[in-house]
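Before any comments, here is the structure.
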Amino acid sequence: MSPSARFRGLPLRSRLALLVTVAVALAVAAVAAVSWVMVRTQLRDQLDQSLMSTNASAEVGRLIFDNRPCPEKAPAQSSQNAQPGQEIAGSLNASVQIVTADGRHCWVSGPENLPVTKLDKEIAAGVRGGTLHDVTTAEGVDMRVYTQPARVSQTSPLFAISVAKPLADITEPLSTLAWVLVFVSGVGILGAGVAGLWVARTGLRPVDELTGAVEHIARTEDLTVRIPDEGDDEIARLSRSFNSMTAALASSQERQAQLIADAGHELRTPLTSLRTNIELLARSEETGRAIPPEDRRELLASVKAQMTELASLIGDLQELSRPDAATPGPLGVVALHEIAGAALSRARLRGPELEFDSDLAPWYVRGEAAALERAVVNVLDNAVKFSPPGGAVTVSLRAGELTVRDRGPGIPADDLPHVFERFWRSPSARSLPGSGLGLSIVARTVQRAGGTAALRAPADGGPGTEAVLSIPGAPTPPPAQASVVPDQ
């Protein structure tokens with residue numbers, strides 16, 4: 001398994017704690033490295049400045065040119081014996097020697113003997129100016145050396161004076177600093193790991209509550225569970241979203257249960273009647289006792305009517321079972337006046353004894369032609385159903401407002417708020433065929449098209465009811481758009 005796969009397999013809080021620890025470790029390591037480099041640079045600069053500021057007096061040259069004692073090596077116990085150039089070293093713990101152009105050298109001061117390099121000879125010969133460089137003595141001591149040219153007088157030859165200090169004056173403090181930084185970094189990283197784990201546990205506690213709630217719902221199907229959602233951070237927003245989701249699911253579950261209960265109630269009546277009629281016909285066949293022809297025709301007509309009612313009820317239930325947000329059919333620009341005309345033709349066939357007056361002005365809307373025609377047919381069916389024999393039904397379409405008025409008994413004002421509820425039927429309509437789903441389908445279809453549906457008493461105070469469907473649109477179709485004409 002790859003490292004990335006193993007990392008993804010860790011719990012979320014472990015990953016957060018690990019990421020915090022790694023981030024802090026990188027930051028601490030970067031700060032420690034920068035600090036160490038800066039201190040090292042500063043110490044070397046200070047050492048170089050101290051070497052370059054040494055006053056190498058030309059009198060040191062007289063050790064060679066005045067035949068004064070000038071040994072090539074530092075004598076034993078040199079620190080206790082005053083040497084001629086001791087004042088150059090001062091309190092710097094430095095070694096000083098003189099180098100001539102031909103490579104001769106003599107020790108002046110200090111605990112170490114410095115090797116003569118090609119660079120020292122070039123400086124003594126006047127080829128180079130003062131230069132800083134590193135050397136290693138025969139005893140293995142690393143030294144920082146500053147070699148500069150000098151002369152006793154204007155006419156005397158050049159020579160070089162080398163002043164050196166051990167690099168241990170820098171490396172030892174740097175080593176101590178490195179161990180201190182390692183210790184401090186380790187403590188910081190360990191503390192960051194503990195803090196990261198605590199932050200992960202604290203920050204993910206709401207996620208744990210959310211996980212527990214989801215597991216509880218999956219185990220018990222209890223959608224009443226709610227998670228505390230105090231605050232405005234991302235976790236609170238997630239909790240509120242989860243609470244909204246469970247509330248919507250609970251509402252959907254309640255509606256589904258209510259739909260099933262209502263459907264069962266509505267199906268029970270026609271099924272019971274249908275079963276009774278079929279049992280009567282079957283008993284007549286089994287016993288050989290013939291049913292009078294008139295009664296038999298009535299039974300068969302009743303069975304046919306109940307089958308038609310069941311088919312209509314099942315179709316309405318299928319229509320209502322589709323999600324509200326779904327768009328089952330193709331959307332397009334449709335001619336509402338043509339849809340209303342087609343629905344009106346079907347209504348005339350169902351109420352041949354009624355008089356239909358229509359005034360349909362052109363109006364184009366965006367929607368599903370089949371669904372809109374079904375909605376208009378439902379409204380007209382209600383008008384046919386409640387109109388007295390020989391009555392009139394008025395249909396008009398003006399500026400996107402389709403009005404269907406009948407001359408029936410009307411709907412009491414107390415019942416108007418309930419007419420678009422599923423399976424709701426007024427007391428006066430319970431004896432008539434129907435499922436109580438037609439107007440519910442009308443309301444949902446019109447809302448899907450961006451409009452509204454309403455029932456109201458006629459404005460002139462006369463008998464009947466007005467059904468008003470208001471759908472936004474335009475009196476002319478948009479350019480390059482073909483209207484969808486329903487099948488006749």
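- Between D48 and K165, no side-chain nitrogen of the basic residue sits less than 4.0 Å from a carboxylate oxygen of the acidic one, so the salt-bridge criterion is not met.
- Rounding to the nearest 0.5 angstrom, the gap separating the OG1 atom in T394 from the CG atom in D357 is 5.0 Å.
- In this structure, the side chains of W179 and L174 stay at 4.5 Å or more apart for every pair of heavy atoms.
- For the residue pair D142/T136, the side-chain donor-acceptor check at 3.5 Å is satisfied.
- One distance of note links CG of D359 with CG of L397; it measures 8.5 Å at 0.5 Å rounding.
- There is no side-chain donor-acceptor pair under 3.5 Å between T147 and R128.
- V135 has its side chain within reach of T117: a pair of non-hydrogen atoms, C-beta onward, lies under 4.5 Å apart.
- Atom CZ of R237 has 12 or fewer neighbouring heavy atoms from other residues, nucleotides or ligands inside a 6.0 Å radius.
- Proximity of R366 to V334: side-chain heavy atoms (C-beta onward) are nowhere separated by under 4.5 Å.
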Inset, instruction - Check the pair V377, E373 against side-chain contact (heavy atoms from CB on, under 4.5 Å), reporting the backbone distance first and the verdict last. - result: CA-CA 6 Å; V377 167; E373 183 177 0; 4.2 Å; yes
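- Taking CG from N277 and CZ from R296, the interatomic distance works out to 12.0 Å, rounded to the nearest 0.5 Å.
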Inset, instruction - Give the C-alpha distance, both sets of side-chain angles, the deciding distance and a yes or no for side-chain contact (heavy atoms from CB on, under 4.5 Å) between V395 and T403. - result: CA-CA 6 Å; V395 182; T403 304; over 6 Å; no
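- Contact annotation: the side chain of Q447 never approaches that of T452 to less than 4.5 Å [non-hydrogen atoms, C-beta and beyond].
- Closest heavy-atom contact between F356 and V384: CZ-CG2, 3.9 Å.
- Taking 4.0 Å as the cut-off between side-chain N and carboxylate O, R219 and E215 do not count as a salt-bridged pair.
- Looking at every heavy atom in both residues, S387 comes nearest to R407 through OG-N, 4.2 Å.
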Legend entry - From CA spacing to verdict: side-chain contact (heavy atoms from CB on, under 4.5 Å), E401, L469: CA-CA 6 Å; E401 186 173 274; L469 308 183; over 6 Å; no
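- For the atom pair I291 CD1 and L299 CG, the distance stands at 5.5 Å (nearest 0.5 Å).
- Atom CZ of residue R40 and atom CG of residue L177 lie 12.5 Å apart, to the nearest 0.5 angstrom.
- When every heavy atom of P173 is checked against every heavy atom of L43, the shortest pair comes out as CB-CD1, 4.3 Å.
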Inset, instruction - Run the numbers on D460 and R405 for side-chain contact (heavy atoms from CB on, under 4.5 Å), then give the verdict. - result: CA-CA 11 Å; D460 58 8; R405 178 184 176 180; 2.7 Å; yes
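- With a 4.5 Å cut-off on side-chain heavy atoms, V34 and M38 count as touching.
- Between T21 atom OG1 and L197 atom CG the span is 8.5 Å, to the nearest 0.5 Å.
- Within a 6.0 Å sphere centred on CD of Q42, other residues, nucleotides and ligands contribute 12 heavy atoms or fewer.
- Side-chain contact between L455 and E466 is absent, with no heavy-atom pair separated by less than 4.5 Å.
- Within the 4.5 Å cutoff, the side chain of V145 has no heavy atoms near those of the D134 side chain.
- Of the possible donor and acceptor atoms, one in the side chain of S185 sits under 3.5 Å from a partner among the backbone N and O of L181.
- For the pair T220 (side chain) and A218 (backbone), a donor-acceptor distance under 3.5 Å is absent.
- Side-chain rings of H133 and Y146 stay apart, their centers remaining 6.0 Å or farther from each other.
- Taking the charged nitrogens against the carboxylate oxygens, E294 and R297 do have a contact shorter than 4.0 Å, which makes a salt bridge.
- Put simply, the side chain of R44 never gets that close to the backbone of L167: no donor and acceptor are under 3.5 Å apart.
- Proximity of a side-chain donor or acceptor of H337 to a complementary backbone N or O of W363 within less than 3.5 Å is detected.
- Closest approach of A371 and T445 over heavy atoms only: O-CG2, 3.4 Å.
- Side-chain N or O atoms of S284 include none that pairs as donor or acceptor with a backbone N or O of L280 at under 3.5 Å.
- Residues R144 and D169 are not paired through a salt bridge, judged by the lack of any N-O separation under 4.0 Å between the basic side chain and the carboxylate.
- Nearest heavy-atom pair across S470 and V446 is O-CG1, 4.0 Å.
- The nearest pair of heavy atoms linking A343 to V376 is CB-CG1, 3.5 Å.
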